[in-house]
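Only one structure is covered here, and it is reproduced in the block below.
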Number of protein chains: 2
Amino acid sequence: MTATPTPRVTIKDVAARAGVSKGAVSLAFNHKPGLSEATRDRIFLAARELGWSPSLTARTLAGSRVDVVGLAVCRPARVLGLEPWYMEFVSGVESVLAEHSSSLLLRLVRNMDEEVGVQEAWWRGRQIGGSILVDFRADDPRVAMTERLGMPVVAVGHPSLTGGLTSVWTDDATAVTEAVRYLAALGHRRIARVGGAADLGHTSIRTAAFDEAAGALALAGAWQVATDFSGDAGARATRSLLTAAPADRPTAIVYDNDIMAVAGLSVAAEMGLRVPEDVSLLAWDDSQLCRLTHPTLSAMSHDVHGFGAEVARTLFSVITGGEGGSHPVPTPVLTPRGSTAPPKV
Amino acid sequence: MTATPTPRVTIKDVAARAGVSKGAVSLAFNHKPGLSEATRDRIFLAARELGWSPSLTARTLAGSRVDVVGLAVCRPARVLGLEPWYMEFVSGVESVLAEHSSSLLLRLVRNMDEEVGVQEAWWRGRQIGGSILVDFRADDPRVAMTERLGMPVVAVGHPSLTGGLTSVWTDDATAVTEAVRYLAALGHRRIARVGGAADLGHTSIRTAAFDEAAGALALAGAWQVATDFSGDAGARATRSLLTAAPADRPTAIVYDNDIMAVAGLSVAAEMGLRVPEDVSLLAWDDSQLCRLTHPTLSAMSHDVHGFGAEVARTLFSVITGGEGGSHPVPTPVLTPRGSTAPPKV
DNA sequence: ACTCTTCACTGGACCGGTTAAGGGAGTGCG
DNA sequence: CGCACTCCCTTAACCGGTCCAGTGAAGAGT
């Protein structure tokens with residue numbers, strides 16, 4: 001990339017036009033004391049006339065703040081495009097960033113090593129003032145990385161996964177338990193769960209919680225399948241769960257996201273099974289998608305947008321030296337719709 | 001945001017450790033001639049030992065390149081989260097950016113004025129080396145802005161909308177015509193289209209093309225509805241189209257995106273209409289979602305990921321001073337699936 | 001032996017801001 | 001009248017790189 005032909009207007013031009021020094025302009029634009037109202041006005045007027053705004057690059061280099069927040073996402077592009085969670089999360093983050101006029105530096109990475117590399121380069125290169133870390137795994141290398149770099153971050157994930165990092169998290173274990181209890185209360189005794197990627201920390205948490213809940217309720221059947229979160233995988237998993245003899249197959253299935261639940265709905269239809277009479281389906285996340293199907297999908301729903309906003313707020317607090325700690329957000333709540341009912345039998 | 005406590009290692013430290021000057025380190029890291037192999041190696045070794053990588057901020061300020069590309073998106077967050085197109089597009093863009101180790105600066109904006117402000121601030125502040133402009137409207141202010149700033153951009157949209165800017169676009173008019181012809185060939189004489197936001201340029205193009213195709217084929221009925229691209233709006237539009245008496249209502253509906261088609265499918269089911277026997281549905285974009293419904297959705301499909309990649313490639317070419325011009329990408333092709341068939345009557 | 005190149009590298013100005021230290025004018029007070 | 005104290009504003013040193021003119025030494029040519 002090469003430079004541009006545009007004649008850039010700099011702080012010097014503004015200073016000259018306002019008849020003051022660079023320093024005065026800087027003071028004015030940072031709302032610092034030490035300038036008379038009159039001068040301040042002259043400076044702002046000059047800046048407006050020249051269409052000048054301070055160069056964030058120079059400002060950053062001069063050692064003050066960095067108004068950019070990093071987010072590296074490590075999931076296959078194919079899955080991402082369909083995963084409503086991400087965009088909603090990002091839009092929640094953005095809503096808070098915008099208030100601080102800072103932006104999101106986004107990068108799709110293929111694996112954890114690449115993410116660590118990207119984060120480190122961003123931080124070292126002063127590209128970002130802090131970062132949002134998502135999709136924690138067991139023994140996540142980003143915990144050590146963060147401590148090594150001393151970079152302000154917010155980790156999205158349960159404290160058991162995120163080490164000592166400041167974290168924002170939803171209580172997945174409780175949510176899973178609630179989902180299973182709800183289905184059991186409807187009378188289901190054979191329940192399956194189509195889970196997400198097995199290497200993700202929150203998947204393990206949900207898997208363990210499901211096992212525990214199934215045990216506690218002494219279910220007659222409890223299945224769990226790991227997928228890659230894609231609709232295809234959800235369809236495959238559903239198909240294989242439902243091909244068993246009627247007496248042996250689950251009467252209710254919990255999905256780890258919306259897309260797989262939609263896919264499950266379609267598989268049930270294709271197999272001639274009615275939802276919810278023959279099989280109940282319960283989605284997760286509850287994007288708009290759940291209200292667009294027929295029947296509508298019951299779901300564990302939470303405010304993903306608000307979650308993103310909370311993450312961003314927490315990050316700003318960490319960046320400005322506030323205290324970190326662990327920030328749980330409200331547990332997803334069950335939103336019953338048309339896809340869950342007592343089993344027919 | 002305040003600075004960090006970390007002792008930053010700079011080019012000076014590396015230079016000292018390698019026993020050379022700053023300039024030499026700079027040469028080495030930019031792979032420029034003028035250094036012996038031995039010195040080069042010593043420098044890289046020193047850098048590795050100190051864990052140093054050049055500060056992009058300083059590098060940018062010093063006037064070379066800017067390795068960041070901007071993208072401001074101006075649609076309601078609610079819609080975005082569900083719109084598979086965007087994430088797929090972004091992931092396509094990213095795939096090319098990654099090769100150049102540059103990143104995407106993303107911002108969700110509420111309106112065009114805000115976008116113009118953001119783009120201008122980014123450019124003025126040397127935050128970005130170029131930008132991707134999407135969702136063009138008639139008389140789009142970004143055309144003038146770009147020319148005023150002399151900023152390298154790629155406009156995603158038909159040349160008739162993007163003025164003299166370098167553009168990458170799909171031939172929506174031809175695609176709409178093909179869609180209508182296909183449905184007409186199946187025997188449909190009453191066809192509706194549930195379009196996107198009316199203020200978007202590509203919506204107007206599709207609307208005009210639909211009118212023209214309907215006229216050319218002398219259809220007995222042709223409806224068009226504008227929406228905000230959301231599933232809810234798609235459902236509402238579908239419901240109102242299908243409430244007419246059987247002899248007066250459309251027997252086929254074309255949607256401007258996937259989500260609305262999914263919503264339409266569910267509305268048809270809710271109204272007791274069979275798809276495709278009673279009404280045929282045709283989606284647009286063809287994300288994975290179209291294969292997850294029952295019946296599967298026929299769609300006008302194109303390679304959104306590849307489209308994003310092409311946009312990014314074109315932007316790099318513009319940034320490096322290559323020639324701009326107009327870059328059409330392949331027209332969406334019809335992918336028939338289970339949701340389209342000859343009308344029952 | 002002398003000049004001319006070439007090669008490898010250095011020194012320092014510069015990018016566009018921030019910031020601490022400093023200076024001059026005006027005012028209050030003894 | 002002199003002194004201290006504000007209040008405003010300027011000066012200049014950074015921040016961490018890039019880039020270019022320049023230097024010194026080795027090798028080539030005559």
Side-chain angles (χ1 to χ4, degrees), chain A residues 1-4 6-43 46-47 50-67 121-127 129, chain B residues 1-4 6-43 46-47 50-67 121-127 129:
Chain A
M1 299 194 182
T2 56
T4 129
T6 322
R8 305 260 189 180
V9 22
T10 77
I11 198 174
K12 223 181 306 178
D13 306 315
V14 176
R17 179 172 250 265
V20 295
S21 68
K22 296 198 308 174
V25 178
S26 177
L27 289 182
F29 265 75
N30 291 305
H31 303 105
K32 295 205 172 170
L35 286 184
S36 68
E37 272 311 309
T39 311
R40 218 173 271 275
D41 290 347
R42 259 194 3 264
I43 292 174
L50 293 171
W52 178 80
S53 57
S55 153
L56 283 191
T57 307
R59 193 175 254 187
T60 297
L61 182 56
S64 58
R65 100 240 73 207
V66 183
D67 285 317
W122 277 348
W123 175 250
R124 283 243 153 80
R126 277 178 157 289
Q127 294 260 98
Chain B
M1 302 194 181
T2 57
T4 127
T6 322
R8 304 260 187 180
V9 21
T10 78
I11 198 175
K12 222 181 304 179
D13 306 316
V14 177
R17 180 173 249 265
V20 296
S21 68
K22 298 198 305 173
V25 178
S26 177
L27 289 182
F29 266 76
N30 290 306
H31 303 105
K32 297 205 173 172
L35 286 184
S36 68
E37 272 311 310
T39 313
R40 217 173 273 274
D41 289 348
R42 259 196 359 269
I43 292 174
L50 294 171
W52 178 80
S53 57
S55 153
L56 283 192
T57 306
R59 193 175 254 187
T60 297
L61 184 55
S64 60
R65 99 238 71 201
V66 183
D67 285 317
W122 276 348
W123 175 250
R124 284 243 153 81
R126 278 179 156 287
Q127 294 259 100

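The chains referred to below are lettered A, B, ... by the order of the sequence lines, with proteins before strands, and numbering in each begins at 1.
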**OP:** May I ask you to evaluate whether B:Ser26 reaches the phosphate of D:dT18, defined as a side-chain N or O under 4.0 Å from OP1 or OP2?
**Re:** yes
Original post:
Taking all non-hydrogen atoms of both residues, which atom of B:Phe29 and which atom of B:Ala47 are closest, and how far apart?
Top reply: CZ-CB, 3.6 Å
Subject >> Protein-nucleotide distance (A:Asn30, atom CG; C:dA20, atom P), rounded to Å >> reply: 12 Å
Original post:
Got a second to check how far B:Asp13's CG is from B:Lys22's NZ, nearest 0.5 Å?
Top reply: 11.5 Å
Original post:
Taking CG from B:Leu56 and C1' from D:dT18, how many angstroms apart are they, rounded to a whole number?
Top reply: 13 Å
Original post:
Does A:Ser55 put a side-chain nitrogen or oxygen below 4.0 Å from OP1 or OP2 of C:dG16?
Top reply: no
Original post:
Is any side-chain heavy atom of B:Val25 less than 4.5 Å from a side-chain heavy atom of B:Trp52?
Top reply: yes
**OP:** State which of C:dT19, C:dG16, D:dT18 makes the closest approach to the side chain of A:Ala62.
**Re:** C:dG16
**OP:** Rounded to the nearest angstrom, tell me the gap between atom CG in A:Leu50 and atom P in C:dG16.
**Re:** 14 Å
Original post:
Looking only at atom types and distance, does a side-chain atom of A:Asp41 sit under 3.5 Å from a main-chain N or O of A:Ala38, one as donor and one as acceptor?
Top reply: no
**OP:** Using whole Å, report how far CG of A:Asp41 lies from P of D:dC9.
**Re:** 11 Å
Original post:
In whole Å, what is the span from the CD1 atom of A:Ile43 to the P atom of C:dT18?
Top reply: 12 Å
**OP:** Indicate the atoms forming the closest heavy-atom contact of A:Arg40 with A:Leu35, along with that distance.
**Re:** NH2-CB, 3.5 Å
Subject >> salt bridge (charged side-chain N to carboxylate O under 4.0 Å, His left out) involving B:Arg124 - partner list, sequence neighbours excluded >> reply: B:Glu120
Subject >> Given DNA chain C, 5'-ward residue of the pair A:Phe29 and B:Ala58, judged by closest heavy atom >> reply: B:Ala58
Original post:
Does a side-chain heavy-atom distance below 4.5 Å link B:Ile11 with B:Arg59?
Top reply: no
**OP:** Starting at CG of B:Leu61, measure out to OG1 of A:Thr60 and round the result to the nearest 0.5 Å.
**Re:** 9.5 Å
Subject >> Axis bend over the full length of the helix from C:dA1-D:dT30 to C:dG30-D:dC1, computed from five pairs that close each end, to 10 degrees >> reply: 60°
Between the protein and nucleotides 7-11 of chain C, are there any N/O to N/O pairs under 3.5 Å, and if so, what are the atom names and distances?
| unit_1 | atom_1 | unit_2 | atom_2 | d |
| --- | --- | --- | --- | --- |
| C:dC9 | OP1 | B:Ser36 | OG | 3.4 |
| C:dC9 | OP1 | B:Thr39 | OG1 | 2.2 |
| C:dC9 | OP2 | B:Ser36 | N | 2.7 |
| C:dC9 | OP2 | B:Thr39 | OG1 | 3.3 |
| C:dT10 | OP2 | B:Ser21 | N | 2.8 |
| C:dT10 | OP2 | B:Ser21 | OG | 3.0 |

**OP:** Whole angstrom is fine here: how far is it from CG in B:Leu61 over to P in D:dC19?
**Re:** 12 Å
Original post:
For D:dC19, does OP1 or OP2 lie under 4.0 Å from any side-chain N or O of B:Lys32?
Top reply: yes
**OP:** Any salt bridge (charged side-chain N to carboxylate O under 4.0 Å, His left out) involving residues 26-36 of chain A? Give me the pairs, sequence neighbours left out, ordered by first then second residue.
**Re:** none
**OP:** Tell me which nucleotide among D:dT18, C:dG16, D:dG17 gets nearest to the side chain of A:Ile11.
**Re:** C:dG16
**OP:** Any chance you could list the contact pattern along nucleotides 21-27 of chain C? Use B for base contacts, S for sugar-phosphate-only contacts and - for none, protein heavy atoms under 4.0 Å, 5' to 3'.
**Re:** -------
**OP:** Could you pull out all residues at least two apart from A:Arg42 that satisfy salt bridge (charged side-chain N to carboxylate O under 4.0 Å, His left out)?
**Re:** none
Original post:
Nearest-Å distance, NZ (A:Lys12) to P (C:dG17)?
Top reply: 10 Å
Original post:
Starting at CH2 of A:Trp123 and ending at P of D:dG16, how long is that distance when rounded to a whole Å?
Top reply: 13 Å
Original post:
Where is the tightest heavy-atom contact between A:Val14 and A:Ala46, given as atom of each residue plus distance?
Top reply: O-CB, 4.0 Å
